[in-house]
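To keep things clear, I will list the structure first and then write my remarks on it.
Excluded from the calculations below are hydrogen atoms, water molecules and symmetry mates; all remaining heavy atoms, backbone and side chain alike, are included. The structure presented is a predicted model; accordingly, all values stated were derived computationally and were not measured. Throughout, a chain's letter reflects where its sequence line sits, starting with A, and its residues are numbered from 1.
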Amino acid sequence: MHHLVRCTGLRAAGSLNASRRSAEFSTASIARSQKESILDIEKLLSRPTWSVSSLLPPKDSASDAPEVTSKQLHHLLRLSALPPPKDQQEEAKMLSTLSSQLHFVKEIQKVDTAGIEPLRSLRDETMQGEKEAELGMEAMKDALAQEEVRGKHHKRIRRRRDHTAAKQEEDWDVLGTAQRKVGRYFVVEGGKDK
Amino acid sequence: MVKLWWEEARAGCMTVTDNDDSEPLNGDSIAIKDNIVTSTLPTTAASRILSYHTSPFEATVVKLLKQNGATISSKANMDEFGMGSHSQNSFNGPVLSLFKRDGVPLSPGGSSGGSAVAVATGNCWAALGTDTGGSVRLPAAYTGTVGFKPSYGLLSRWGVIQYANSLDTVGILAASVEDAAAVFSILNHYDAQDPTSLLPSVRGRIAANRRTFPKTLRIGVPTDYNIHELSSAVRGAYISTLQQLQNLGHTLHAISLPTTKQALSAYYVLAPAEASSNLAKHDGIRYGFRSEGPDALPRENLPLYAQTRGEGFGEEVKRRILLGAYTLSSEAIDNYFIQAQKVRRLVQRDFDRVFATQNPLLDSKPGGGGGGVDVIITPTAPTLPPTVDEVKKQSPVESYMNDVFTVPASLAGLPAVSVPMPLSDAIEMEVEGGDVKTTGIQVIGQFGDDELVLRAAEIVQNL
C-alpha cells in the first residue's frame with residue numbers, strides 16, 4: 001500500500017479539506033454530471049424505514065417471548081456451570097432478563113429460511129476450496145510415515161514421536177499457571193456429597 | 001502488575017526507541033487490547049477470571065508488530081471478553097471517554113474503548129482492538145478516531161482470547177486511515193497456527209480478482225440503515241458526507257439490504273451461543289482466578305467450577321453465557337441457533353447481491369450482474385455517544401441496539417472502517433466545549449476488498 005502517505009496526529013475537524021482533493025476527481029465530476037443523474041440524498045433519507053426499538057419488549061404489557069420456567073433456568077445454569085440464584089428476587093430478575101433477550105432475538109423467526117444453507121463459519125466454500133479441505137492420502141503422507149508396526153503375533157500401529165513438536169511442548173510449563181497442583185498433576189477437588 | 005493505558009497517560013508515553021530506523025514501525029508505540037496475549041504483560045480480557053494471568057506465549061499479531069519495530073506501550077482496558085458496547089463492563093473499572101457533556105464523561109464505545117481512548121489522547125500511535133460485532137468501529141466513532149475491521153480471517157487470531165470465534169476479528173485503531181493501513185499491511189499474513197486464517201489459495205484468489213481503483217466510486221446507500229433512532233446530528237453528517245462525495249464525481253445508488261433488521265437479532269443469538277461454548281474452558285483449574293476451597297459444593301447445590309465461574313465472570317458475561325446455553329439447548333437449537341445461521345446466510349446474500357465484486361469465498365453470485373456498487377457508506381452508530389450515566393440506566397438489551405449498523409458486516413465477515421466526520425456547523429454550535437465534534441462514517445466493502453475500503457475511507461477522511 002505504497003500510495004498511502006503516512007501521517008500522524010488527529011485530524012482537526014473540518015480542516016485540510018479542499019487542498020487534499022486530487023485533480024482527477026474534479027475532472028471526473030464534470031464527466032459524471034453529463035451522463036448520470038444526481039441522487040437527491042436528502043429526499044432519499046427523509047423518511048426512516050423502520051425502528052430498531054421495535055425489537056425491544058413492550059414496557060407495559062407482557063412479552064410474547066417463550067416462557068422459561070424456574071426449573072429450566074436452574075437446568076441452564078447447571079449446564080453453564082454457574083451458581084443458582086441466591087433468592088427469589090435474583091431468580092425473578094434472571095428470568096426477566098432472559099425473557100427480554102429472547103424477545104429481542106425472536107425477530108429471526110419471522111424470516112422464511114426454507115432451503116437456505118446455514119452460514120456456520122466464514123471459510124472457502126468454493127468447489128476448489130472444498131476440494132483442498134478434503135483429507136486425501138497426499139495430506140496424510142507425512143503422518144503415515146511416522147507410523148510403524150510393532151509386534152509379531154499381535155500387530156499394532158505405533159506413532160513415532162515428532163521430536164520438534166515434542167521439544168516445543170516440553171518448553172512449555174503446562175502447570176506453570178495453575179494455582180493448585182500436586183506433583184505433575186492439576187487438582188480438582190470435588191467436595192463432599194450430602 | 002500490568003500497566004494499563006490510564007496509568008500510562010499519567011506516566012507519559014513509554015517509547016523506548018532501541019529499534020533500527022529502517023524498520024517500518026520504527027519504535028512507534030502501540031497499545032494492545034487486553035484480550036490479545038502478550039508474554040511480558042498480563043492478559044486478563046478485563047475479567048476477574050483471568051486476573052493476574054500472564055500468557056506463556058505471545059499472539060502472532062503482537063509478534064509481527066514487534067518484529068517490525070513497534071514498541072508495545074500498554075494493555076488497553078475493554079468490556080470483559082469483548083461483551084459490551086460502552087467499555088463499562090470491566091473488572092478493572094469502566095473506561096471513560098476524553099469527551100464530556102455537562103461535566104459527565106461520555107461513553108468511549110465498546111468493547112475496544114481503552115484502545116480508542118489511548119489513540120484519541122495521543123497516548124500511543126496506534127492500537128489493536130478486536131471486533132466481533134462492531135467493537136473497533138463503535139469506539140472509533142465515539143472518540144473521533146479511525147477504526148478498521150479487516151475481512152474475517154486475514155489477521156491471525158492465534159493468541160486472541162475468544163468471544164465468538166466465527167465472528168472475532170483483530171482490528172486497528174489509529175488517528176488516520178493511512179496509519180491504520182500501515183499497521184494492517186504488517187499484520188496481513190497467513191498464520192498456520194490459526195485454523196481460521198485464510199489460506200494462501202484464498203489470498204491468491206483475492207489478489208487475482210483485485211481491480212484497479214476506480215476513478216469514481218459507485219457508492220451504495222442502504223435505505224434499511226435509515227432508522228427512526230438515527231439522530232439529527234448523525235443524519236446531518238451522513239447526508240453531508242454523501243453530498244460531498246457526489247460533488248467530487250462519485251455516484252450514489254440507493255440499495256436495499258432487507259435482512260438488516262434480522263441481522264441484529266441473529267447476531268445476539270450467534271455471539272452468546274458461541275460464547276457459552278468458548279468460555280466453558282474458564283474453570284480456574286489450569287490458569288486464572290480460582291475460588292477458595294473445593295471446586296464443587298454439592299451440599300450447597302454448587303456443581304463443579306460454579307463457584308469459581310460465579311465469582312470470576314461479570315454480570316453481562318453470565319447473562320450471555322446463559323442466553324447461549326438456552327439457544328443451544330435441544331428444545332431451542334433449531335428455532336434459534338440454526339435459524340440465526342440461516343439468517344446469517346441471507347445477510348451475506350444481501351451484500352453479494354449489491355457488490356460489483358464476486359465474493360471470493362463462494363462460486364456463484366446470486367442474482368448479480370452489472371451495476372453493483374464498489375462500497376457501501378453508512379453511519380457507524382445511530383447517535384452521538386451517550387454519557388456514562390445514561391449508559392447505566394440502559395437495560396442490557398437496550399444497549400444491544402447500538403450495534404445495528406456494525407453487526408451486518410461482521411456476520412458476512414466484510415472489511416469495514418469507521419472514519420470521523422465533523423458535525424455540521426449548526427450542531428457544532430450547540431454542543432459545548434468538551435463534547436464530541438465528530439461522528440463515525442462507516443465504509444463497507446466486499447469480502448477481501450480491504451484495500452479498496454481503505455482507499456475509499458481515505459477519500460471520506462479527506463473531504
Side-chain angles (χ1 to χ4, degrees), chain A residues 1 4-10 13-14 20 24-25 28-29 32 36 38-39 41-42 44-45 48-52 56 76 78-84 97 100-101 104-105 107-109 111 113 116-122 124-127 132 172 177-179 186 188-191 193-194, chain B residues 56 152 166 175-176 178 181-182 185 202 215-216 223 226-229 239 242 248-249 251-252 254 262 265-266 268-269 285-287 290 294-299 301-303 305-306 309-310 321-323 325-326 338-345 348 361-363 397 401 404 413 422 437 462:
Chain A
M1 253 168 239
L4 295 170
V5 183
R6 207 164 114 182
C7 70
T8 50
L10 273 178
R20 290 223 212 145
E24 69 180 23
F25 292 123
S29 155
R32 192 262 308 126
E36 276 196 73
I38 289 177
L39 184 70
I41 197 69
E42 265 185 277
L44 179 74
L45 298 179
T49 52
W50 67 289
S51 164
V52 65
L56 295 177
L76 291 171
R78 212 176 170 83
L79 286 177
S80 310
L82 288 172
T97 303
S100 64
Q101 286 172 317
F104 190 84
V105 301
E107 183 68 27
I108 55 168
Q109 289 163 4
V111 190
T113 55
I116 302 294
E117 179 70 11
L119 178 53
R120 295 187 181 87
S121 64
L122 294 156
D124 190 356
E125 294 183 80
T126 62
M127 298 266 276
E132 278 169 17
W172 171 40
T177 48
Q179 302 236 347
F186 294 112
V188 180
E189 202 183 322
D193 269 338
K194 320 196 176 193
Chain B
Y152 178 87
S166 85
S176 71
E178 294 82 351
S185 63
V202 185
K215 277 213 170 115
T216 59
T223 49
N226 185 19
I227 56 171
H228 279 283
E229 290 78 5
I239 289 176
L242 294 172
L248 286 178
T251 58
L252 305 179
Q262 290 82 25
S265 297
Y268 277 100
V269 172
I285 303 301
R286 289 147 302 161
Y287 49 80
R290 185 172 192 166
D295 298 294
L297 289 170
R299 279 178 200 165
N301 199 22
L302 280 172
Y305 317 133
R309 287 164 63 82
I321 289 175
L322 198 63
L323 173 61
Y326 177 77
I338 307 292
Q339 176 71 0
Q341 288 185 324
K342 291 178 178 172
V343 171
R344 187 177 185 182
R345 177 71 73 190
Q348 184 187 48
L361 298 179
L362 300 169
D363 277 318
V397 287
M401 296 193 300
V404 62
K437 294 189 176 54
N462 295 344

Given side chains that start at C-beta, do those of A/V111 and B/K342 come closer than 4.5 Å, heavy atoms only? no
Taking the side chain as every heavy atom from C-beta outward, state whether B/N301 and A/R78 have any pair of such atoms under 4.5 Å apart. yes
For A/I108, which atoms come within 4.5 Å of any heavy atom of chain B: side chain, backbone, both, or neither? both
With a 4.5 angstrom heavy-atom cut-off, is it the side chain or the backbone of A/T97 that approaches chain B, or both, or neither? side chain
Could you have a look at [options] and say which one has the most heavy-atom pairs with chain A under 4.5 angstrom?
options: B/E229, B/M401, B/R344; answer: B/E229
options: B/R286, B/Q262, B/Q348; answer: B/R286
options: B/L302, B/I227, B/I321; answer: B/I227
options: B/L242, B/I285, B/V202; answer: B/I285
options: B/L323, B/V404, B/I338; answer: B/L323

Taking only Lys NZ, Arg NE, NH1 and NH2, and the carboxylate oxygens of Asp or Glu, determine whether A/E125 and B/R345 approach each other closer than 4.0 Å. yes
Could you check whether any side-chain N or O of B/R309 sits under 3.5 Å from a backbone N or O of A/A81, counting only pairs where one atom can act as donor and the other as acceptor? yes
Worked check of side-chain contact (heavy atoms from CB on, under 4.5 Å) between A/T126 and B/L361: CA-CA 6 Å; A/T126 62; B/L361 298 179; 5.9 Å; no
Let me know if B/Y305 has heavy atoms under 4.5 Å from chain A in its side chain, its backbone, both or neither. both
What part of B/V269 gets closer than 4.5 Å to chain A, counting heavy atoms only: side chain, backbone, both or neither? both
Counting heavy-atom pairs under 4.5 Å with chain B, which one of A/L79, A/V52, A/T49, A/L44 comes out on top? A/V52
Chain B: which of A/S80, A/S121, A/P84 shares the most heavy-atom pairs with it under 4.5 Å? A/S80
Provide the closest heavy-atom pair for B/A296 versus A/G190 in the form atom of the first, atom of the second, distance. CB-O, 3.0 Å
At their closest point, which heavy atom of A/F104 faces which heavy atom of B/S265, and how far apart are they? O-OG, 2.8 Å
Nearest 0.5 Å, please: how far is OH in B/Y152 from CG in A/L122? 6.5 Å
